[in-house]
There are 2 protein chains.
Amino acid sequence: MRLFAQSGYAAVSMRQIAREVGVQAGALYLYTPDKQSLLFDLMDQHMKDLLTAWQSREQANADSVIEQLECFVRFHIRFHLPRADEVFISYMELRNLTPENFDVIQIARGAYEEILHDILKAGQTDGTFKLVDPKIATFAIIAMLTGMNTWYRDEGRLSLEMVEEIYLDLVLSAAGTKD
Amino acid sequence: MRLFAQSGYAAVSMRQIAREVGVQAGALYLYTPDKQSLLFDLMDQHMKDLLTAWQSREQANADSVIEQLECFVRFHIRFHLPRADEVFISYMELRNLTPENFDVIQIARGAYEEILHDILKAGQTDGTFKLVDPKIATFAIIAMLTGMNTWYRDEGRLSLEMVEEIYLDLVLSAAGTKD
DNA sequence: CTAGCATTTGAACGATCGTTCATTTAATGT
DNA sequence: ACATTAAATGAACGATCGTTCAAATGCTAG
């Protein structure tokens, strides 16, 4: 995972991976059928972890849509930030998946986007959110949140908690809740 | 450019590039010193085009910060959307640049981000934007706008003009102008 | 038509790729 | 201590990589 994130799937050789785990290249094939599976399993597990983590979070079903959106934003940040390598790989290496593997990941990604989409649609329907297009807002918000991974550093100017509040404010504003 | 965008720099061979332009691999070296230069020149030209295009846009200096932000958003969308391949490469292939080439691109990228940053800071200072942190808002807005490239298709549900208005609305809201 | 220059070829270089497999080494059960 | 199973090696496979370069080809000026 570290090697793929650092140099990219295509640029990392099985021999480099073997060296990193202290083994000869041939031995890797006792654990994986091929290089492609290493990439797919990494991405597939990441998406499964993501969806599972969402489903098993402390859930308050009677929440207002604003609280639901707030919950989603905080969840997204807290899940993605500590997983910089997985997230990076999952976004950058999609084209190195075989078509079948690509489809699996895309479907999981769609399921995750639908979580936010449903919240935004509900908020638009009951008038809480002043949104022109919930589908586009979904893309925009997720891109905005995930983009954090490209610049956030633990030793940076702002703490995780502060960044979380700032992004929450940006998202709630974009959704049209600030009146 | 098309090959790099499609398969990634590392996965494209000089022989594939040669075949695409109808020539043998050796002949490419009459036009480029090496493969790396192909990638760098592509990205460097893209960044130069971007900054030049911004500087030479029809400029109304007395604009309000809201108009400036609106101008930036429209500019970003109109510049990036028709250049899907260049943008994709410029974001995905950064790690395949040599350190010196990487620095050149990063500096140009910083210059572009500073355009938006300056607008947001000005708007925060004069009270037009209700922003907690202009620097983070800069990252968030650019990520949000650039993310459009991953899903927008010409034959899609919405026209470029409509998408532009929707994103403009999202950005202005996020900046805190909608009261 | 030819001389001279520019362009392209195609073979070759050494290196590295993902993957396989006979063989060796390590661990386990009796 | 030995038989058996598991794990790992390291050499080898054919393929492909970026790059070089002598030789062949195409083009232009005289």
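Quick note: numbers below take in every heavy atom, side chains included, and nothing from hydrogens, waters or symmetry partners. Per chain, numbering begins at 1; letters A, B, ... match sequence-line order.
- You can see that DNA chain C meets the heavy atoms of chain A within a 4.0 Å-exclusive cut from C/dC17 to C/dT20, reading 5' to 3'.
- Residues A/F72 and A/Y112 place their aromatic rings such that the two centres sit under 6.0 Å apart.
- A salt bridge does not link A/K35 to A/E93: none of the charged nitrogens lies less than 4.0 Å from a carboxylate oxygen.
- Put simply, A/L116 and A/Y91 are part of the same group of oily side chains (I, L, V, M, F, W, Y) that touch within less than 4.5 Å, one to the next.
- Shown here for A/E113 and A/F139, the closest heavy-atom pair between the two residues is OE1-CE2, 3.6 Å.
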For this session: Would you check, one step at a time, whether the test side-chain contact (heavy atoms from CB on, under 4.5 Å) holds for B/I77 with B/M148?
Result: CA-CA 8 Å; B/I77 293 175; B/M148 195 185 315; 3.5 Å; yes

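- The hydrophobic clustering, which links ILVMFWY residues whose side-chain heavy atoms are closer than 4.5 Å, places B/W151 and A/I107 apart.
- Contact annotation: the side chain of B/Y152 never approaches that of B/T150 to less than 4.5 Å [non-hydrogen atoms, C-beta and beyond].
- In this structure, A/Q24 reaches the D/dG10 phosphate: one of its side-chain N or O atoms is under 4.0 Å from OP1 or OP2.
- Shown for residues 92-104 of chain A: no residue has heavy atoms falling under 4.0 angstrom of DNA chain D.
- As a whole-Å value, the separation of A/L28 CG from D/dA7 P is 14 Å.
- Taken residue by residue, residues 30-42 of chain A places heavy atoms nearer than 4.0 Å to DNA chain D at A/L30, A/Y31.
- Of the residues near DNA chain D, A/R15 and A/G22, the one whose nearest nucleotide (by heavy atom distance) lies more toward the 5' end is A/G22.
- In terms of heavy atoms, B/T32 sits closest to B/S37 at OG1-CB, 3.5 Å.
- A salt bridge does not link A/E114 to A/R109: none of the charged side-chain nitrogens sits closer than 4.0 Å to a carboxylate oxygen.
- The pair A/E20-A/R15 fails the salt-bridge criterion, with no side-chain N (NZ, NE, NH1 or NH2) lying under 4.0 Å from an Asp/Glu carboxylate O.
- Backbone-only contact: B/V12 has heavy atoms under 4.0 Å from sugar-phosphate atoms and none from a base.
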